[in-house]
Amino acid sequence: DREAIRSGRYGLNALLVGLGLAYLSPPAFASAPQLALGAVLTVVVTTAMQTVFEGVFYLPSLSLGFVFANLAVDLAALSLPGLSAPGSLAETAAAAGSWPLPHAVEGYLKALGAVFFRTDVRSGLLVAAGLAAASRISFVLSAVGYLAGAAFSASAGASLGDAGSALVAFNFILAAIALGGVYTVPSLASYLLAALAAVVAAVFAGAARVVMDPYGIPVLSIPFIAAPYLFILGLRSRPAGLVPELVRVPAASPEENLAL
């Protein structure tokens, strides 16, 4: 499907798989089989997920291709000597360092950078600048999502601000943007829904960490995928005309959804 290729769907998932594998296992000749396997799996899984979720359930496939391919390669590496096993998340996170910023701001920026497996403030600043330039609504929703998810996590006893937490917290941001402006028409109700989606993503993240932390594998974007699915299916059951209003076909930005 040339349209899907031009849209960047396959490229984005493959890029995330490469970044994810490189984050856990420093790039080297020995990691070449993992990258090749990950690239092939990404294309196959992305195509399959698109067929099933978009063709049958009418749900966006989001980053399912990345999640399945990354998990398959990382878990296979634990039992196949020819593949490099994932390293320690704690050791990888320790190299990120910190800046003299308010705790919430530093955590937010690290979470933004973690979307591309860069858990440092500089990378977060670049992502924040790009996001604000592309969509002011998405930028505001990213802050709403992080604050809601982080506040809930902190109240539940989770530590925030370090690189390891950033690899969880970016899910709060993506879930809020998806539910607050991409798959619904932006409004006060959609902003409240975005905050709630971030909290639900935090719950899913806590559950996923119980399973994945012992293997040294981050939760990836599993919470981000699960939360929008839950809410999109729920919103479909309501009578038409209620807010937040689901969009039939998401536009290129929340601003365009608002203008339609």
Side-chain angles (χ1 to χ4, degrees), residues 1-16 42 46-47 49-67 108 111-112 115-116 124 126-149 170-201 221-260:
D1 186 347
R2 293 184 179 276
E3 184 60 34
I5 294 174
R6 283 194 294 268
S7 71
R9 179 178 302 169
Y10 294 101
L12 175 61
N13 279 284
L15 171 67
L16 292 174
T42 301
T46 299
T47 304
M49 293 298 103
Q50 178 183 345
T51 301
V52 174
F53 281 84
E54 297 183 12
V56 178
F57 299 109
Y58 302 102
L59 288 169
S61 56
L62 301 176
S63 55
L64 276 170
F66 152 65
V67 169
Y108 167 71
L112 277 177
V115 173
F116 298 102
L126 290 175
V127 176
L131 187 61
S135 169
R136 286 175 292 179
I137 293 176
S138 293
F139 179 73
V140 173
L141 284 169
S142 72
V144 169
Y146 176 79
L147 291 174
F170 80 85
N171 285 280
F172 313 157
I173 291 173
L174 295 183
I177 293 174
L179 264 299
V182 176
Y183 296 106
T184 65
V185 177
S187 63
L188 176 59
S190 79
Y191 275 64
L192 295 174
L193 181 68
L196 182 58
V199 171
V200 171
S221 55
I222 293 174
F224 154 58
I225 295 170
Y229 282 176
L230 184 69
F231 283 97
I232 289 173
L233 290 172
L235 290 173
R236 284 180 183 172
S237 66
R238 304 174 310 151
L242 297 179
V243 293
E245 180 184 354
L246 276 176
V247 297
R248 290 180 176 270
V249 180
S253 70
E255 283 79 3
E256 291 187 25
N257 281 338
L258 191 59
L260 293 178

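These numbers were taken from a predicted model, which means no experiment stands behind them.
Between F66 and N13, the shortest heavy-atom contact is N-OD1, 2.9 Å. Contact between N171 and P223 at its shortest, heavy atoms only, is OD1-CD, 3.4 Å. Across all non-hydrogen atoms, the minimal contact from Y146 to I173 is CB-CG1, 3.9 Å. Between E54 and S61, the closest heavy-atom pair is OE2-OG, 3.1 Å. Scanning both residues, E256 and A251, for their nearest heavy atoms gives CB-CB, 3.5 Å. The nearest pair of heavy atoms linking I137 to Y191 is CG2-OH, 3.6 Å.
Expressed to the nearest 0.5 Å, how far OG1 of T46 lies from CE of M49 amounts to 9.0 Å. Of the inter-residue distances, the one linking S221 atom OG with L62 atom CG reads 8.0 Å to the nearest 0.5 angstrom. To the nearest 0.5 Å, the span separating CZ on F231 from CG on L193 amounts to 5.5 Å. Taking CG from L230 and CG from L235, the interatomic distance works out to 9.5 Å, rounded to the nearest 0.5 Å.
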Run the side-chain donor-acceptor check on residues 175-189: report pairs under 3.5 Å with partners two or more places apart or on a different chain.
from	atom 1	to	atom 2	distance (Å)
T184	OG1	L179	O	2.6
S187	OG	A189	N	3.4
S187	OG	S190	N	3.2

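Taking Y229 as the reference, F53 meet the ring pair (Phe, Tyr, Trp, His ring centres under 6.0 Å) condition, with sequence neighbours excluded. Looking at residues two or more places apart in sequence or on another chain, you find a side-chain hydrogen bond (donor to acceptor under 3.5 Å, both in side chains) between S142 and Y108. Remark: A134 pairs with no residue by the side chain to side chain contact (heavy atoms under 4.5 Å, CB included) rule, at least two apart or across chains. In this structure, T51 has no side-chain hydrogen bond (donor to acceptor under 3.5 Å, both in side chains) partners at least two apart in sequence or on a different chain. For R236, the side chain to side chain contact (heavy atoms under 4.5 Å, CB included) test picks out Y58, L59, I232, L233, L246, with sequence neighbours left out. Every residue meeting the side chain to side chain contact (heavy atoms under 4.5 Å, CB included) condition with A226, not counting sequence neighbours, appears here in chain and number order: F204.
Sorted by first and then second residue, the pairs that involve residues 131-141 and meet side chain to side chain donor-acceptor pair (under 3.5 Å), not counting sequence neighbours, are S135-S138, S135-E255.
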